[in-house]
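Reckoned from all heavy atoms, side chains included, excluding hydrogens, waters and symmetry mates.
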There are 2 protein chains.
Amino acid sequence: MHSEHVVSRSAEPKGSQETRSGNSTPPLDSVSLAIIEQLQEDGRRPYAAIGKAVGLSEAAVRQRVQKLLDQGVMQIVAVTDPLTVGFRRQAMVGMNVEGDTEIVADALSDMPEVEYVVMTAGSFDLLAEIVCEDDDHLLDVINKRIRALPGVRSTESFVYLKLKKQTYMWGTR
Amino acid sequence: MHSEHVVSRSAEPKGSQETRSGNSTPPLDSVSLAIIEQLQEDGRRPYAAIGKAVGLSEAAVRQRVQKLLDQGVMQIVAVTDPLTVGFRRQAMVGMNVEGDTEIVADALSDMPEVEYVVMTAGSFDLLAEIVCEDDDHLLDVINKRIRALPGVRSTESFVYLKLKKQTYMWGTR
DNA sequence: GCCCAGAGCTGCGAAATCCGCAATAGTTAG
DNA sequence: CTAACTATTGCGGATTTCGCAGCTCTGGGC
């Protein structure tokens, strides 16, 4: 048992199932970390192989993976470069908002073209990544829908010219 | 729920290679698109289930998936919210660059803390997402390493406060 | 037209993997 | 100390993966 607690944090109220990044995410010990790292290298790696790597039985790994998925701590998915699969226009949109930033963030999150929403400190209150099929589509999303949201004071767009790096190796340094 | 239609795409003669934007990426027909969509929903979905969904045999799906992976068109990985895995500080950094933007982009891509690099049009030439363990680490990366790169004229940072959405559903609208 | 080569698909065992379940520790609360 | 709960293990049986041989379709060379 060499596994140590990362940070012992006690008494966390449960029952919160918010979108993401809610810190309802308790423990996550070093074994689960190791499992995640294995799956970041290959999302289809067999449970037995992972178990051998992290020192657990196949069944235990399976149970932990299922739990991590259920809790939303991780997801196992195929990722691609959108440009390769037919989406020709992407942009990052920075926004300034008046009132509750989170309400605007939620509205953005409901849009299918929006892949990524983050609340930030700095000269923007929100950043959102938009994935569209063409220029008309992008224009429509930004001008007709995002700027129409109540509370959005101003936006600034950065159209993607070339994606240079995109990794999913958190924890695998 | 499982609609058979993928991304609307005009009927394609099977021999036609539409001139896709530059990359060494061979066409990618609608069947492969459909396979990718299946794996975007669940990266561990069995080949037989995918085959039934897209109208192909298990073996054919397996061959196509392997090819897509080998070609680098997609990867099947576990993705997480870095905040839940022990990385407490993230930021998007916008940059203005003099000279060849791509050289700077390549240098950024070599840094392990940099998860995402994209060349953009607009008031920034480059956007880079940084994932760090703490404030010291973040400060070090931005001030000591990024701003030290030759050609970097100025930077502006947006520290993440809360990640609201992060999906990998390109093509699954 | 004819033949050949290459790419893609299918079907089929054999091997490996996944899955559910019951039994076994370890932990915490009373 | 016991009860309740959670995590883990070991096991069959069902399912999936894997490799391979054979088949079809297409395009090129002659």
Could you state the atom-to-atom distance from [atom1] of [X] to [atom2] of [N] in whole Å?
X	N	atom1	atom2	result
B/Gln66	D/dT16	CD	C1'	15 Å
A/Arg62	D/dA7	CZ	P	15 Å
B/Asp70	C/dA7	CG	C1'	15 Å
B/Gln71	C/dA7	CD	P	12 Å
A/Tyr47	D/dT15	OH	P	17 Å
B/Lys52	C/dT10	NZ	P	15 Å
A/Ile50	C/dT17	CD1	C1'	12 Å
A/Leu39	C/dC18	CG	C1'	14 Å

Rounding to the nearest 10°, end axes of the helix from C/dG1-D/dC30 to C/dG30-D/dC1 built from five pairs each make an angle of 40°
Candidates [options] - which lies nearest the side chain of [X]:
X	options	value
B/Arg64	C/dC19, C/dC9, D/dT17	C/dC9
B/Pro46	C/dC19, D/dT16, C/dC9	D/dT16
A/Leu56	C/dC19, D/dT8, C/dT10	D/dT8
B/Glu58	C/dC12, D/dT8, C/dC19	C/dC12
A/Ala60	D/dT9, C/dC18, D/dT17	D/dT9
A/Gln63	D/dG10, C/dC19, D/dA7	D/dA7

Practice task
Name the orientation class of the two ring planes belonging to A/Phe124 and A/Phe158 (parallel below 30°, tilted from 30 to 60°, perpendicular beyond 60°).
Solution key: perpendicular
TODO: Classify the side-chain pair B/Glu41/B/Tyr168 by whether it contains a donor and acceptor separated by less than 3.5 Å.
DONE: no
Go through the side-chain N and O atoms of B/Gln38 and B/Asp42 and say whether any donor and acceptor fall under 3.5 Å apart. no
message: Taking only side-chain N and O atoms of A/Lys67, does any of them lie within less than 4.0 angstrom of OP1 or OP2 on D/dT6?
response: no
Under 4.0 Å: is that the gap between some side-chain N or O of A/Arg44 and OP1 or OP2 of D/dT17? yes
Partner of B/Thr120 under side chain to side chain contact (heavy atoms under 4.5 Å, CB included), picked from B/Thr101, B/Leu127, B/Leu126, is B/Leu127
Is a salt bridge present between A/Lys162 and B/Glu102, judged by a nitrogen-to-oxygen distance below 4.0 Å?
yes
> Between A/Asp134 and A/Arg89, is there a salt bridge with N-O shorter than 4.0 Å?
Replying inline: no
Taken to the nearest 0.5 Å, the spacing of A/Leu39 CG from A/Ile50 CD1 works out to 4.0 Å
